[in-house]
2 protein chains.
Amino acid sequence: MILSKSCVYAIRATLYITAQENREYIPVKEIAKELNLSFHFLTKILQGLTNASLMKSYRGPNGGVAMARSADSIYLIEVIDVMDGLDIFSECLLGLPNCNDINPCPLHEEWAKNRTSIHKMFQTMTLSQIVNNIDKLRLGL
Amino acid sequence: MILSKSCVYAIRATLYITAQENREYIPVKEIAKELNLSFHFLTKILQGLTNASLMKSYRGPNGGVAMARSADSIYLIEVIDVMDGLDIFSECLLGLPNCNDINPCPLHEEWAKNRTSIHKMFQTMTLSQIVNNIDKLRLGL
DNA sequence: GACATTTAAGATAAAGGAGTCTGAAATATG
DNA sequence: CATATTTCAGACTCCTTTATCTTAAATGTC
């Protein structure tokens, strides 16, 4: 798995929240139930996104979590950055610390192509775009 | 990291062995020293490759390990398969068990492209080819 | 103000990957 | 046959990720 479980849960949760367009704060309990995730674990994960200012939260009845900005301005890479960091997009496939364009390992060139392609994918997809896909194409979440 | 550390160590070791063209069995101790890996840990990893018949071994003085077949017929994907399995090349990015071409998650199409590209890369590169790269281009290992 | 609801924070536990260590088995050499 | 060398097998430890649980703090409603 290229992304950690925490990161995947974070992505799924932000997509769920984005899909609830006309609602303000969404309770974590609801998200956990709908996505079939552990409530406590998801709570901790979303706290991380809140601390990173990618989401906002509100306590008490009718409270919950929401995206901090408009979902059409939030790119997938931002969620990944908060959860897993961006090292995977620059790391050597063989984990060699000295490997780079000037001093490459034997797999560097081929791997860098794929790495960059994946990076671009995450850099260009917004939460809104993905949710539109869900609506238009009736995709699963 | 897309590949486990064990898998990466296995790849680096098989490349080292492949590079020792005119020698028969190579001691694990030597490989560990040259690649700066833990001897005991590498021993366990290479035993896995031996059990999977990708490598052969010989005990006693002048013993060691060697590739079971000619290195120009061994594809990188075979090493990866033994160590990590091939699930990463069919797994959903979001880990959703029901996601596939017919019933895709919202990221499926984009991800499947990249996943396939990486898979093909590993399916087409032989150990010999990679070692030739090392020699020709003076790449690091 | 009492109470229910909801996130925040942090301690703790469970599981898996990474790494270490010890002793047994095989084999070459003298 | 004794010894040194090397892989084989398995137990064990350590660390990170994943997951659970408990208590505190904030807030809306009556």
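Letters go in sequence order (proteins before strands), and every chain restarts at 1. Excluded from the calculations below are hydrogen atoms, water molecules and symmetry mates; all remaining heavy atoms, backbone and side chain alike, are included. Bear in mind that the values here come from a model prediction, so they are computed numbers and not experimental data.
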Engineer: Specify the separation, in whole Å, of atom CG of A/Asn62 and atom C1' of D/dA26.
Structural biologist: 14 Å

Engineer: Measuring from atom CD of A/Glu109 to atom NZ of A/Lys113, what distance do you get when rounded to the nearest 0.5 angstrom?
Structural biologist: 5.5 Å

Engineer: Does C/dT5 have OP1 or OP2 under 4.0 Å away from a side-chain N or O of A/Tyr58?
Structural biologist: no

Engineer: Which of the following nucleotides, C/dA18, D/dT27, D/dT18, is nearest to the side chain of A/Lys5?
Structural biologist: D/dT18

Engineer: So, taking the atom named CD in A/Glu78 and the one named CG in A/Leu86, what distance separates them when rounded to the nearest 0.5 Å?
Structural biologist: 10.5 Å

Engineer: Consider the side chain of A/Ser4, meaning its heavy atoms from C-beta on, and name the nucleotide among D/dC8, D/dT18, D/dA19 that approaches it most closely.
Structural biologist: D/dT18

Engineer: What is the distance, to the nearest angstrom, from the NZ atom on B/Lys56 to the P atom on D/dC8?
Structural biologist: 13 Å

Engineer: Between A/Asp101 and A/His108, is any side-chain donor less than 3.5 angstrom from a side-chain acceptor?
Structural biologist: yes

Engineer: If you pin A/Leu42 and A/Gly60 to their nearest nucleotides in DNA chain D, which one's is more 5'?
Structural biologist: A/Leu42

Engineer: Base, sugar-phosphate or nothing for B/Tyr25? Non-hydrogen atoms, less than 4.0 Å.
Structural biologist: nothing

Engineer: Separation of A/Arg59 atom CZ from D/dT23 atom P, in whole Å?
Structural biologist: 17 Å

Engineer: Choose from C/dA28, C/dA18, C/dA9 the nucleotide whose nearest atom is closest to any side-chain atom of A/Gln47.
Structural biologist: C/dA9

Engineer: Does B/Ser57 place a side-chain N or O at less than 4.0 Å from the phosphate oxygens OP1/OP2 of D/dC8?
Structural biologist: yes

Engineer: To the closest 0.5 Å, what do you measure between SG (A/Cys7) and CD1 (A/Ile88)?
Structural biologist: 7.5 Å

Engineer: Roughly, in whole Å, what's the span from CD1 in A/Ile26 to P in C/dT6?
Structural biologist: 12 Å

Engineer: Expressed in angstrom and rounded to an integer, what is the separation of A/Phe39 atom CZ from C/dT7 atom C1'?
Structural biologist: 8 Å

Engineer: Here's a test of your reading of the structure: between A/Gly63 and A/His40, which maps to the more 5' nucleotide of DNA chain C?
Structural biologist: A/Gly63

Engineer: Can you check the B/Phe41 CZ to D/dT13 C1' distance for me, whole Å?
Structural biologist: 13 Å

Engineer: Is the base of C/dG19 touched by the side chain of B/Lys44 through a donor-acceptor pair closer than 3.5 angstrom?
Structural biologist: yes

Engineer: By nearest atom, which of the nucleotides D/dA9, D/dT7, D/dT18 is closest to the B/Asn51 side chain?
Structural biologist: D/dA9

Engineer: Both A/Pro27 and B/Ser38 contact DNA chain C. Which one's nearest nucleotide lies toward the 5' end?
Structural biologist: A/Pro27

Engineer: Expressed as a whole number of angstroms, how long is the span from A/Leu46:CG to C/dT6:P?
Structural biologist: 15 Å

Engineer: Starting from C1' on C/dG17, measure out to CG on B/Leu3 and report it in whole angstrom.
Structural biologist: 15 Å

Engineer: Under 4.5 Å between side-chain heavy atoms, counting indirect links through other Ile/Leu/Val/Met/Phe/Trp/Tyr residues: same cluster for A/Val65 and A/Tyr58 or not?
Structural biologist: no

